[in-house]
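Numbers for residues simply follow the sequence, beginning at 1. We use all heavy atoms of the structure for the numbers below, so side chains are in, but hydrogens, waters and symmetry mates are not. Both counts, for ligands and for their atoms, begin at 1 and track the order of listing.
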Amino acid sequence: MAGENLLSALKWQIEAGADEAIGEHPMDRFAAPAGEPPARAPRAAPVGDQVPPPAHSPAAPSPSPSPPAPSPPAPSAAAPPPAPAAAGMAEPDALNAYQIAAGAETLEDIRAALLTFEGCPLARTATNLVYTDGNPQARIVFIGEAPGAAEDRQGLPFVGPAGQLLDRMLASIGLDRSQVLITNTLYWRPPGNRNPTPAEVATCLPFVERTIEIIDPEILVLVGGTAAKTLLARREGIMKLRGKWFAFETSRMVRPVPAMAIFHPAFLLRSPAQKRATWRDLIEIKKRLGDGPDAPSGDGS
Ligand code: URA
């Protein structure tokens, strides 16, 4: 009987997403003194006094294959801070995330800031920060959704089954991880791989935008619906967004970056019939990159 109760308690925890041990030793939380804060590194000091402008401008689809016309950057000092309520997060977190991200000049600055950032509760349940993999000088950046179990264990994006398919998708257009930068919309694994909440997405967004600004790529590939909707600031789902060119821009960028959404490899593993459309999208991306074979080799399956 006691065993059955324990089993159903365990099942309940797994269904709720608590499927990974995050410490070496169990902790009796009822014994901890009330109000004791979780043991974490101190928050990174906010950088600068000014809150930088937030978000990128909503992306517009660009039907022509030519790169979007450059537009002058918005005056950053005059732009208002993000509306935290609209962004779905508490005001101090919103301001801190933008301030901290704005002060970063390199990906290593962002990684260091994320290691002590306390604005995203996912950091408390994740094993590792999962930030970037690949080449910081890449001409093309791939942005996925969020780390899964394998990524959480290794601290690297796209190293599980979906990542292996992503590697084959890259190879089909003559690319590998040494030529691209791979990152995510969220930097910590949501427990049990549940969908990220709008607040979690909003908290990471300043860091995602700053990462793109620092890399200054020629092409942005948004892998899956979460990345597409977040970075393009669009409501449509991935079925509508994929395969079209959009212009992604933030107020600190000197020119917009052409961005295309593609199906997520995890979705392709479940729905292989959609690979054909994805391979067409990859051909478009390769053409725009302009330096290789016209057609991908194979279907990456
Ligand atoms: N799926 C993602 O979107 N990102 C990863 O890093 C792994 C799986």
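- Applying the salt bridge (charged side-chain N to carboxylate O under 4.0 Å, His left out) criterion to Asp176, with sequence neighbours excluded, gives no partner residue.
- Taking a cut-off of under 4.0 Å to the non-hydrogen atoms of Pro157, the atoms of ligand 1 that pass are 6 (O).
- Closest to atom 4 (N) of ligand 1 among all protein heavy atoms lies Asn184 OD1, 2.8 Å.
- Within ligand 1, counting atoms from 1 as listed, the ones closer than 4.0 Å to a heavy atom of Gly144 are 3 (O).
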Point to revise | Test side-chain hydrogen bond (donor to acceptor under 3.5 Å, both in side chains) applied to Thr250 and Glu209, step by step | key: CA-CA 7 Å; Thr250 72; Glu209 289 180 355; 5.9 Å; no
Practice item. With ring pair (Phe, Tyr, Trp, His ring centres under 6.0 Å) as the test, would you mind laying out the steps for Phe142 and Phe158 before giving the verdict? Key: CA-CA 10 Å; Phe142 288 75; Phe158 281 104; 8.8 Å; no
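- The shortest non-hydrogen separation linking Arg124 to Glu118 is NH2-O, 3.7 Å.
- Close approach of ligand 1 to His264 is summarised as follows: ligand atoms under 4.0 Å from at least one heavy atom of the residue are 1 (N), 2 (C), 3 (O).
- An N or O contact shorter than 3.5 Å links Phe158 to ligand 1 by distance.
- Not counting sequence neighbours, the partners of Glu218 by the side chain to side chain donor-acceptor pair (under 3.5 Å) test are Arg139.
- Using a 4.0 angstrom heavy-atom cutoff, Ala146 counts as in contact with ligand 1.
- For the pair Pro147 and Arg189, the tightest heavy-atom approach, listed with the atom from each and the gap, is O-CG, 3.3 Å.
- Atoms of ligand 1 lying under 4.0 Å from at least one heavy atom of Glu145, given by number and element, are 2 (C), 3 (O).
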